Structure formats: C-alpha cells, structure tokens
Amino acid sequence: MPRLSSTHATSPFIWCAGIICAIISIAVIIGGIVIFVGYLVIHPRVPIISVEYAHLDLLKYDIVGVMQTQLTIVIRAENDNAKAPALFDKTNFKLSYEGKIIAYLKQDEFVVAKEKSVFSHYVVQSSPIPLSTQMKQAIDYAIKQDVIVFELKGGSKARWRVGPVGSVKFECNLSCELRFRPSDHNSIPSHCTSSHKH
C-alpha cells in the first residue's frame, strides 16, 4: 500500500514572533554589555549622605507636660564620582523623640555635580507636643544629665547614568541619634553618615 505523508508549513506569524524575540534578546545582551562596560569605565563610588551640622534652636518644656522644639539640621549629599553627576531623589527623613515623630524632612529631586557636595538646610519646628509619662521622665532625666537625644531616620535614592541606555542605582540611608546639650543648645559631635566606612 502506498504511504501517505503530509507536511505542515510554519506559520508566518511564528516566524515573525521568533525574529522579534531574537531581536529583543540581542538588544538586551548588547544593553547589558554597554552597562557593564560603562560601569567599569566610570567605576562609580557609592554616594554618601550625612549630617553636616545640627543645632538645638529651641527647647521648651512646661510642668503640664508639653514640649516645643526647633532644630536646624544640615544634610550633606556627596558625590565622589569623577566622571558623572549623581541624581538624588525621594529624599525623606523622620525626626523623632522617644519614638514619637516630631517632623518629616523632605526634598525634591536634585543633582550633585562630579566630585561635589550639596548641602540641604532644614529648620524643623514642632508644634506643641503632649508628652506621655515615659516621655516626661525621659526629658526630666535628659535635662538633669544635660543630654537630650533625637532620632533621625530616612534616606535618599541616588543614581548615575551609565552610557545612553542604563543607570546605576544606590540606596543612601541614615539611622542615627542627634545629641544636644540643653544648657547651651549645642550638638554633641557624633558620626551620622550613610557611609559604611567609619
């Protein structure tokens, strides 16, 4: 008996889909190579944010248990990279006392030029803060010891352009204590930076 055979032609749609997938794969590979080479050429250093200056402008505390305070804080954004400017975005910090948030510090997107720094000045003024029993005890102790401590937490997202198709992104985070002497309102020196080098 004669054998019957059949052939199925590949659909043009499948050929087109295959070609498109191949082009996309090649583009991704080339893009990855460009980003990798750009990274090696630029060799970016991790950006740094740090507290450059802090001052306790005002501290009021009455017998009723209400506190008012004002602080001046200067945050430094540093770009040590010699070959590309750095873009800082989503810069947000929380200032708190004994776990209670006093204020939010925010800044719009900004650029730091090559091997330069940008200083952001914040004047943080709180509304009257009713204190819990624990917070009253803490501030009484702080005044007696002449050391009051505030917590500053937050950070910024930084990135550099690497060639025409990509960018390198970094997280810059702060979590530190700001210590002041209530007697003269000056800060007690401390190391507050996102750098891992101490």
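In this text the structure is predicted, and so the values were computed from the model without any measurement.
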What I want to check is whether the side chains of E151 and S96 have a donor and an acceptor closer together than 3.5 Å. yes
OH/Y104: more than 12 non-hydrogen atoms of other groups inside 6.0 Å: no
Take atom OH of Y141 as the centre, draw a 6.0 Å sphere, and report whether it contains more than 12 heavy atoms from other residues, nucleotides or ligands. no
Shortest non-hydrogen separation from I101 to K94 and the atoms involved: CD1-CD, 3.7 Å
Does either side chain, that of T72 or that of D57, offer a donor lying less than 3.5 Å from an acceptor on the other one? yes
If you define the side chain from C-beta out and look only at heavy atoms, does anything of Q70 sit under 4.5 Å from V124? no
Return the minimal non-hydrogen interatomic distance between V149 and Y97, and the atom names on each side. O-CD1, 3.1 Å
Checking I73, V74, I75 against Y53 for side-chain contact (heavy atoms from CB on, under 4.5 Å), the one that qualifies is V74
Taking atom types as modelled, is there a side-chain donor on Y61 or Q68 under 3.5 Å from an acceptor on the other? no
I need the I148 CD1 to T69 OG1 distance, nearest 0.5 Å. 6.5 Å
In this structure, are over 12 heavy atoms from other groups packed under 6.0 Å from D62 atom CG? yes
Closest heavy-atom contact between S187 and R181? O-NH2, 4.3 Å
For the residue pair E78 and S117, what are the closest heavy atoms and their distance? CG-OG, 3.6 Å
Restricting to non-hydrogen atoms, name the atom on A142 and the atom on P182 that form the minimum distance, rounded to 0.1 Å. O-CG, 4.3 Å
Could you check whether atom CD of E109 has more than 12 heavy atoms from other residues, nucleotides or ligands sitting under 6.0 Å from it? yes
How many angstroms lie between SG in C21 and CD1 in I23, if you round to the nearest 0.5 Å? 9.5 Å
Heavy atoms only: give me the nearest A86-N79 pair and the separation to one decimal. N-ND2, 3.4 Å
Under a 4.0 Å threshold between the charged nitrogen and the carboxylate oxygen, would E177 count as salt-bridged to R179? yes
Would you tell me whether T193 and S50 have side-chain atoms, one donor and one acceptor, within less than 3.5 Å of each other? no
Roughly how far, to the nearest 0.5 Å, is OG of S120 from CZ of F88? 9.5 Å
With a 4.5 Å heavy-atom cut-off, do L105 and L95 have their side chains touching? yes
